[in-house]
Asks: 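Sending over a structure as structure tokens; questions will come in a sec.
In what follows, chains carry the letters A, B, and so on, assigned in the order in which the sequence lines appear, proteins first and then strands, with residues in each chain numbered from 1.
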Amino acid sequence: MTRPHAPEEVWITGVGLASSLGEGAAPHLAALEGGRPVLDETGFAPFPIHPLPALDLDRQIPKRSDQRQMEAWQRLGTYAAGLALDHAGARDRAGGMHLLVAAGGGERDTALDERIAAELAPLPAAEAAPLLNQRLASGLRPTLFLAQLSNLLAGNISIVHGIGGSSRTFLGEEQAGAEAARVALARLAEGSAEPGIALVGAAYSAPRWEMLLTYAGGGVLWRGPWAPLRERLARSGGMVTGSLGAFLVLETAAHARARGARGLARLAALATTAARRRGGDGAGAAARALAGPLLPRLRPGHAVFSGATGVARPTREEFGFLDWLAAEGPARGALHLTADLLGHGIEAAFPANLGLAALAIAAGQAPQALVTGFGMWRGEALALLDAPGAEGSA
Amino acid sequence: MSATRDHLGRPLVAVTGIGMATPLGLGAEESWAGLLAGRSGIRRITRFPTEHLKTTIAGQVDLPEEAGRDPFPSPERVERLAALTAEEALAQAGIGGRGGFPGPLLLGMPPVEVEWPHRLALARQAARSGAAPRYPDLVAAAEGRRDLFEGALFAGIGERLADHLGTRGAPISVSTACATGATAIQLGVEAIRRGEAEAALCIGAEGSLQPETLIRFSLLSALSTRNEDPARAARPFEKTRDGFVMAEGAAALVLESLEAARARGARVLGLVLGCGERADSFHRTRSNPDGGAIIGAMRAAIADAGLDPGRIDYVNAHGTGTPENDKMETLGMLAVFGEAPPPISSTKSMTGHTLSAAGAIEAAIALLAIRDGMLPPTINHETPDPAIPLDVVPNAARRARVRHVLSNSFGFGGQNVCLVLGAEPG
């Protein structure tokens, strides 16, 4: 191994998507050309959500014992990871593959929570505390803890798909999805993630009261019947959460060529930052600074895959940024507000948009793509994708 | 190769500041003194009632500002412990005064969520309408509770710390179970080697001692139930070991390229020479019986440091005190080092298992062992386990020449990370 060397070109060679729209490339590509979202507007009212798809789990998680050890978000993620491996034709490379996952918290047993809350709420604290111990000790299922630990999505992917290179789990909502991809790209490009292939992604299961509780506290959820993002923004704003499993196989061009795999797209650049939100909102300014080095590389007709959440403040900042970009840069192609199709998949949103962009480029829908990620509360990320070999020197 | 580059031509990574908070004390020197004295930080839990619990002991870390009020929820404890140790490390390094740290924040932390005291308070509020509260009622009661939102957001702790400490760019938070602290350091080392930054602030913090977390570990049969004598409960590598003891704490390391540290005349406390990692795809809570991932991570760290195993003078063990971990770690030691492995001790015998903080705390301990030429002991070593033919530095600290230390971290979920720490060259 020699260092330092010229950065390696990094390709996306596999995309695994599972969402309320279905699984795999076809339904998602079709939706980009004009599709309707799949919604559950009653089950978690007043909050609409995009439900989990029906998955034939046996296809990607063959052992029933493995399926039982997971909850929905882990099954969704493990399933999507398997789709990505199949799409890349890279299952035989799993043993040395690096795994980078963005994860939130796992499911709670909401029925147990409700029983305990109902019983203990009327009691004085001194009586409630010992009873809490007793009810938890007898009510919690041991396996649920493993479903709950954030890093166990990665653990399950390693076990089910045999990933053995390394395993890192990033925390922090949308930003975690972008950081996982940024670190993977940086390590592949510098040649330190030998042998040169990584699996990157996240999963979010939307039908979850305990997550809605947290987000309701922040006032970031849209209430009432579903409406497209621009309509929501014209009123109070708010996000609609969506079930989403999104994994990508990232690979150095050399590694892909050596095994005869094709690149769907080149991941040409990925940058993240986090504007300080105390006082005025600097997210737009932060993104403009990130976009600076990308601007000369943008070409006419580039598509934008926006991860805008619909939460008022960051989404207005992002739209301001996109207006600035349209004024400063070359003519834009399609602008996809993918949350209108998939809902907002939190940690999975950025990896999913990278995947959609790669699929669109491979399908000839766009010559180049800019992916944005403005978190509901904090964190900004941008990525640039183009066709493999499209740009001589990066 | 210049003196500030490693065997692969990468920038050498120096440590110029160390902060530590453990059940042995708040502050690196106090913790280190406790470790060298062979003191246990394990005691009976006083934070909450322990009726009906199988385990009633822990390495509980209370903050001075908690006295006389309700205990902090985990996110707040994690944030305060992280800030406390970061401030200690930054002061020692003499860098980053008032909002100007020249690099990113890498934070190893546990997952956090809304906890029972808040959940019950929401239930009480919701119950005023009469019927037993269901989740939709709890959610309605939570509307407008920005404190719950910002407390339970995983990005919240890192964002507030970055704001407070003035680090650059997006703060990065990670969780790789019991290897979390080591992963945070590894990400910092990589950022400096890659030239993304001249410095990085790496923190591992843990503050999860609350009933539900304790019960969950208990249900996995992972915890010691030796409640009657807390100080003697954690007994890694000993024949009668029966599980780990949950603990809290944090450690922060200021990393800089050796070149940048020297250029500004900083005192170099040691180097992070190597990082190695392997994922175990065998089982959620057990290692593959062949030890492949553990052995692979240890070997990868030593190779990344450009060393042969024979150059390692001391190993700070993962050493949780579960029957399984210590058996597998022994297997790894014998495989990597052969017939004559170096001394290995588990400081978890004194601190307990600080989970997300352990990898960072133990890297800090390794650096102090190098600085003082002292090996901290494995305490509570009463009955040797004949299946563990290792020098575990039993019961008393020992003077030794220490140039290179291997620090092991093995996590549930198969995430294994090892670090090699070394003395400053020349």
Asks: As an exercise, state the distance from OG1 of B:Thr176 to CG of A:Leu171, rounded to the nearest 0.5 Å.
Replies: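 These two atoms lie 9.5 Å from each other.
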Asks: In Å and rounded to the nearest 0.5 Å, what is the OG1 to CZ distance from A:Thr273 to B:Arg168?
Replies: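 One gets 11.5 Å once the value is rounded to the nearest 0.5 Å.
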Asks: Under a 4.5 Å heavy-atom cut-off, does chain A meet the side chain of B:Ser218, its backbone, both or neither?
Replies: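 For B:Ser218, no heavy atom lies under 4.5 Å from chain A.
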Asks: Given side-chain contact (heavy atoms from CB on, under 4.5 Å), test A:Arg223 with B:Glu143 step by step and report yes or no.
Replies: CA-CA 12 Å; A:Arg223 305 164 64 98; B:Glu143 293 272 355; 2.3 Å; yes
Asks: Using non-hydrogen atoms and a 4.5 Å limit, figure out which bit of A:Ala176 sits close to chain B: side chain, backbone, both or neither.
Replies: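 When you check distances to chain B, no heavy atom of A:Ala176 falls under 4.5 Å.
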Asks: Flag the one option from B:Ser175, B:Gly414, B:Ala300, B:Ala132 with the top tally of heavy-atom pairs under 4.5 Å to chain A.
Replies: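 The answer is B:Ser175.
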Asks: Check step by step if side-chain contact (heavy atoms from CB on, under 4.5 Å) holds for A:Thr169 and B:Val174.
Replies: CA-CA 6 Å; A:Thr169 295; B:Val174 288; over 6 Å; no
Asks: Given that the side chain runs from C-beta out, which part of B:Leu107 has a heavy atom under 4.5 Å from chain A: side chain, backbone, both or neither?
Replies: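 Neither part.
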Asks: Can you tell me how far CD1 of B:Ile172 sits from OG1 of A:Thr272, rounded to the nearest 0.5 angstrom?
Replies: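 So the gap between those two atoms works out to 6.0 Å.
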Asks: For the residue pair B:Ala279 and A:Ser158, what are the closest heavy atoms and their distance?
Replies: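 That closest heavy-atom pairing would be CB-OG, 3.8 Å.
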Asks: Name the region of A:Ala186, side chain, backbone, both or neither, that has any atom closer than 4.5 Å to a heavy atom of chain B.
Replies: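 Both backbone and side chain.
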Asks: Is it the backbone or the side chain of B:Pro110 that comes under 4.5 Å from a heavy atom of chain A, or both, or neither?
Replies: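 Just the backbone, heavy atoms under 4.5 Å.
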Asks: If you count heavy-atom pairs within less than 4.5 Å of chain A, which of B:Gln125, B:Arg146, B:His283 leads?
Replies: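 Option with the top pair count is B:Arg146.
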Asks: Would you say the side-chain atoms of B:Arg216 and A:Gln148 include a donor-acceptor pair closer than 3.5 Å?
Replies: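 Yes, a side-chain donor-acceptor pair sits under 3.5 Å.
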Asks: Using side-chain heavy atoms (C-beta onward) and a distance below 4.5 Å, is A:Glu210 in contact with B:Arg119?
Replies: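 No, side chains not in contact.
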Asks: Do you know which of B:Ser173, B:Ser221, B:Ala127 has the most heavy-atom pairs under 4.5 Å to chain A?
Replies: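 Answer, by heavy-atom pair count under 4.5 Å with chain A: B:Ser173.
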Asks: Using 0.5 Å steps for rounding, measure from the CG atom of A:Asp113 to the CZ atom of B:Arg134.
Replies: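 Going from the CG atom of A:Asp113 to the CZ atom of B:Arg134 covers 11.5 Å.
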Asks: Between the side chains of A:Arg135 and B:Glu212, is the shortest nitrogen-to-carboxylate-oxygen separation below 4.0 Å, so that they form an ion pair?
Replies: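 No.
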Asks: Would you check, one step at a time, whether the test side-chain contact (heavy atoms from CB on, under 4.5 Å) holds for B:Trp116 with A:Leu132?
Replies: CA-CA 9 Å; B:Trp116 276 105; A:Leu132 176 66; 3.7 Å; yes
Asks: Give, as side chain, backbone, both or neither, the part of A:Val101 having an atom under 4.5 angstrom from any heavy atom of chain B.
Replies: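 No part of A:Val101 comes within 4.5 Å of chain B.
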Asks: Nearest heavy-atom pair of B:Leu138 and A:Leu213: which atoms, and what distance?
Replies: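 Closest approach of B:Leu138 to A:Leu213: CB-CD1, 3.8 Å.
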Asks: If you look at every heavy atom in B:Ser281 and A:Gly162, which pair is closest and at what distance?
Replies: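 Taking every non-hydrogen atom into account, CB-CA, 4.0 Å.
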Asks: For B:Leu187, which atoms come within 4.5 Å of any heavy atom of chain A: side chain, backbone, both, or neither?
Replies: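 The side chain, not the backbone.
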Asks: Check B:Ala170 against A:Glu179 and note the closest heavy-atom contact, atom names and distance.
Replies: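 Looks like CB-OE2, 3.5 Å.
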Asks: For the interface with chain A, which of B:Leu148, B:Thr180, B:Leu120, B:Asp280 has the highest count of heavy-atom pairs at distances below 4.5 Å?
Replies: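 Highest number of heavy-atom pairs under 4.5 Å: B:Leu120.
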Asks: Could you tell me whether the side chain of B:Gln415 and the main chain of A:Asn151 form a donor-acceptor pair under 3.5 Å?
Replies: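 Yes: the side chain of B:Gln415 pairs with the backbone of A:Asn151.
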Asks: Please determine which of A:Phe47, A:Phe44, A:Trp209 meets the side chain to side chain contact (heavy atoms under 4.5 Å, CB included) test together with B:Pro136.
Replies: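 For B:Pro136, the side chain to side chain contact (heavy atoms under 4.5 Å, CB included) test succeeds with only one of A:Phe47, A:Phe44, A:Trp209, which is A:Trp209.
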Asks: At a 4.5 Å cut-off on heavy atoms, which part of B:Ala293 comes close to chain A: side chain, backbone, both, or neither?
Replies: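 Contact with chain A: none, neither part.
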Asks: Charged N to carboxylate O under 4.0 angstrom, B:Glu277 versus A:Arg168?
Replies: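 So B:Glu277 pairs with A:Arg168 through a salt bridge.
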Asks: Would you please test B:Leu153 and A:Tyr215 for side-chain contact (heavy atoms from CB on, under 4.5 Å) and show each step?
Replies: CA-CA 9 Å; B:Leu153 274 187; A:Tyr215 294 135; 4.0 Å; yes
Asks: Kindly say whether A:Arg187 contributes a backbone atom to a donor-acceptor pair with the side chain of B:Glu190 at under 3.5 angstrom?
Replies: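 Absent.
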Asks: Does the A:Asn133 side chain pair with the main chain of B:Leu53, one donor and one acceptor, at a distance under 3.5 Å?
Replies: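 No: the side chain of A:Asn133 does not pair with the backbone of B:Leu53.
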Asks: Between A:Gly172 and B:Phe154, what is the shortest heavy-atom contact and its length?
Replies: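 It is N-CB, 3.5 Å.
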Asks: Between B:Glu196 and A:Arg182, is there a side-chain N and carboxylate O pair less than 4.0 Å apart?
Replies: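 Yes, this pair counts.
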Asks: Checking salt bridge (charged side-chain N to carboxylate O under 4.0 Å, His left out) for the pair A:Glu190/B:Arg193: CA distance, chi angles, key distance, verdict?
Replies: CA-CA 10 Å; A:Glu190 72 179 349; B:Arg193 285 177 173 173; over 6 Å; no
Asks: Any idea which heavy atoms bring B:Ile215 and A:Leu136 closest together, and the distance?
Replies: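 Minimum heavy-atom separation between B:Ile215 and A:Leu136: CD1-CB, 3.6 Å.
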Asks: Rounded to the nearest 0.5 Å, what separation is found between the OG atom of A:Ser167 and the CG atom of B:Asn416?
Replies: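 A:Ser167 atom OG to B:Asn416 atom CG measures 9.0 Å (nearest 0.5 Å).
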Asks: When only pairs under 4.5 Å are counted, which of A:Ala118, A:Ser166, A:Ala117, A:Ala381 shares the most heavy-atom pairs with chain B?
Replies: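 Result: the option with the highest number of such pairs is A:Ser166.
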Asks: For the pair A:Glu114 (side chain) and B:Tyr135 (backbone), establish whether a donor and an acceptor sit closer than 3.5 Å, ignoring hydrogens and angles.
Replies: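 Yes, A:Glu114 side chain to B:Tyr135 backbone: donor-acceptor pair under 3.5 Å.
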Asks: Select one option (side chain, backbone, both, neither) describing which atoms of A:Arg208 are under 4.5 Å from chain B's heavy atoms.
Replies: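 Contact with chain B is absent: no heavy atom of A:Arg208 under 4.5 Å.
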